[in-house]
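Right, one structure below, let's go through it.
Note that this is a predicted model, so its numbers are computed, not measured. Here is the naming used below: chain letters follow the sequence lines, and residue numbers restart at 1 for every chain. All values below come from the heavy atoms of this structure, side chains included, with hydrogens, waters and symmetry mates left out.
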2 protein chains.
Amino acid sequence: MRVSRDQAEKNRQTVINVASQLFREHGFDGIGLKDLMEAAGLTQGAFYKQFASKDDLAAQASERAFESAIRELSAAAEANPKDPLGTVIALYLSMGHREERGDGCPVVALGADAARQGPVVKASFEAWIRKYLEMLRPWLGEADDEDSTDTAMAVLSTMVGAMVLSRAVNNKQLAKRFLQAGAKSLMRLSAGAAQKGQLR
Amino acid sequence: MRVSRDQAEKNRQTVINVASQLFREHGFDGIGLKDLMEAAGLTQGAFYKQFASKDDLAAQASERAFESAIRELSAAAEANPKDPLGTVIALYLSMGHREERGDGCPVVALGADAARQGPVVKASFEAWIRKYLEMLRPWLGEADDEDSTDTAMAVLSTMVGAMVLSRAVNNKQLAKRFLQAGAKSLMRLSAGAAQKGQLR
DNA sequence: ATTATCTATAGATCTATAGATAATGC
DNA sequence: ATTATCTATAGATCTATAGATAATGC
């Protein structure tokens, strides 16, 4: 029954990966340890040799979700160096992202859940949200750091809100329109910001 | 033990009101019927004479939350007829709204939860989100209906996203800055939209 | 000998139902 | 007689722990 340390570590990683998906799909309270462990190909009994508690897993799974989301967005931006901002906005505000709830942005899927959690989970969210802003800021074409952080915050807010709204409605046309309206306004916003930056 | 029909109806309303707060605070899965009923001054046993299921209450409590949120925003706008949009933005993107999780916008508190629910809950969210848009649209100073709906969507997206982000972080300064950055960008956006509308 | 995983289970909590109780409404 | 609420409980599920098992690692 015992497996090698190597295999045990792989199992642990699988549990974190699976949890990062299933928590995003069902929320922290919407799925139990039994289902999580079985989705990872293990039984519930193995859980507590790997994690201290469900909260512990929730924290690690959130980290994993952020890592993967930011890696994906950064990769898309690097592949289109002429328009990284437009690329990321298009990817984020896509119907694909709307449908893939288990694989998308953790702020959208778990932001409200995180707001209900203790300071440990929120500290992790805060750190990763700052990374989102650092990723966005250089693409805004603004000179001043203070202003560009504000703009990055507004851009991220619009993306997050548009996706939350898009997912909360049934009608696909309406859902899509939230994404498109968000993208349109972000193009206006970032163009204005870039112009302002260049004038200085 | 039995109470009058009048009192029974009042009790039902209390349960819905209490649930609309507690669901927003803890999420649909984060609080049980026992706690909900006790918060309303009743016992769990009385629940099923008033509601068909927990989902039924979740739907009615969401409706109640939306009603109350939109009423509050509309009232604030009416009290400041010279700048309804600015008033609503300032009220929505306030630290008070951030702290009062049980009393604030249902899209922020329960939007991600709604995305995980069935089409019945989502239909209710969709209907109320359309009302948000109808409320915002006349204040945008745009002539064209199509464009002004897009702008209303972008405005709502920024407000929702800024509040989700603000609540997901510990640091109050950062939380406040998300709200202020959102407001700043919305002022720019709506000014641009109004200008464009007047040019036609 | 150690330990990663398994089966089994404790104890709490969850949604929902059943039957008792006591007040209303006819 | 009807019924709104209560107490009590069924049956499922939840987190967490205990002890058995069998393979690893020394």
Legend entry - Stepwise side-chain contact (heavy atoms from CB on, under 4.5 Å) check, B/Thr14 with B/Val18: CA-CA 6 Å; B/Thr14 303; B/Val18 162; 4.2 Å; yes
Inset, instruction - Could you check A/Gln44 against A/Leu36 for side-chain contact (heavy atoms from CB on, under 4.5 Å), going step by step and ending with a plain yes or no? - result: CA-CA 8 Å; A/Gln44 196 183 344; A/Leu36 284 169; over 6 Å; no
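Note: CZ (A/Phe51) to C1' (D/dT17) measures 18 Å, nearest angstrom. In this entry the distance linking CD of B/Glu38 with C1' of D/dC6 reads 12 Å, nearest Å. Rounded to a whole Å, the CD1 atom of B/Ile31 is 14 Å from the C1' atom of C/dT15. In this entry the distance linking NZ of A/Lys34 with P of D/dT15 reads 11 Å, nearest Å. At whole-Å resolution of the value, CG in A/Asp35 and C1' in D/dT15 are 13 Å apart. Across the protein-nucleic acid pair, B/Gln7 atom CD and C/dA22 atom P stand 19 Å apart, rounded to whole Å. Atom NZ of B/Lys10 and atom P of D/dT5 are 12 Å apart (whole Å). C/dC14 atom C1' lies 15 Å from atom CG of B/Leu57, rounded to whole Å.
A/Lys54 comes within 4.0 angstrom of the backbone, heavy atoms only, and of no base. Contacts of B/Gly45 with the nucleic acid, taken as non-hydrogen atoms under 4.0 Å apart, include base atoms.
Mapping B/Phe47 and B/Ser4 onto DNA chain C by nearest heavy atom places B/Phe47 closer to the 5' end of the strand.
Side-chain N/O atoms of A/Tyr48 include none lying less than 4.0 angstrom from OP1 or OP2 on D/dT17. For the pair B/Gln44 and D/dT9, the criterion of a side-chain N or O lying under 4.0 Å from OP1 or OP2 is not met. Listed pair A/Arg2 / C/dA1 fails the phosphate criterion, with no side-chain N or O lying under 4.0 Å from OP1 or OP2. At the phosphate of C/dT5, neither OP1 nor OP2 sits under 4.0 Å from any side-chain N or O atom of A/Thr43. When the side-chain nitrogen and oxygen atoms of A/Arg5 are compared with OP1 and OP2 of D/dC26, one or more of them lie within a distance under 4.0 Å.
Residue A/Leu33 places its side chain closer to D/dT15 than to any other of D/dT5, D/dT15, C/dA4. Across C/dT5, D/dT5, C/dA16, the shortest atom-to-atom separation from the side chain of B/Val3 is found for D/dT5.
Inspection of the B/Ser20 and B/Arg24 side chains reveals an N or O donor paired with an N or O acceptor under 3.5 Å.
Using cut-offs of 30° and 60° for the angle between ring planes, the B/His97 and B/Tyr92 rings count as perpendicular.
Searching all strands for a Watson-Crick or G-U wobble partner of D/dA20 with both distances below 3.5 Å returns C/dT5.
Side-chain atoms of A/Trp139 and A/Thr87, non-hydrogen and from C-beta on, never get closer than 4.5 Å to each other.
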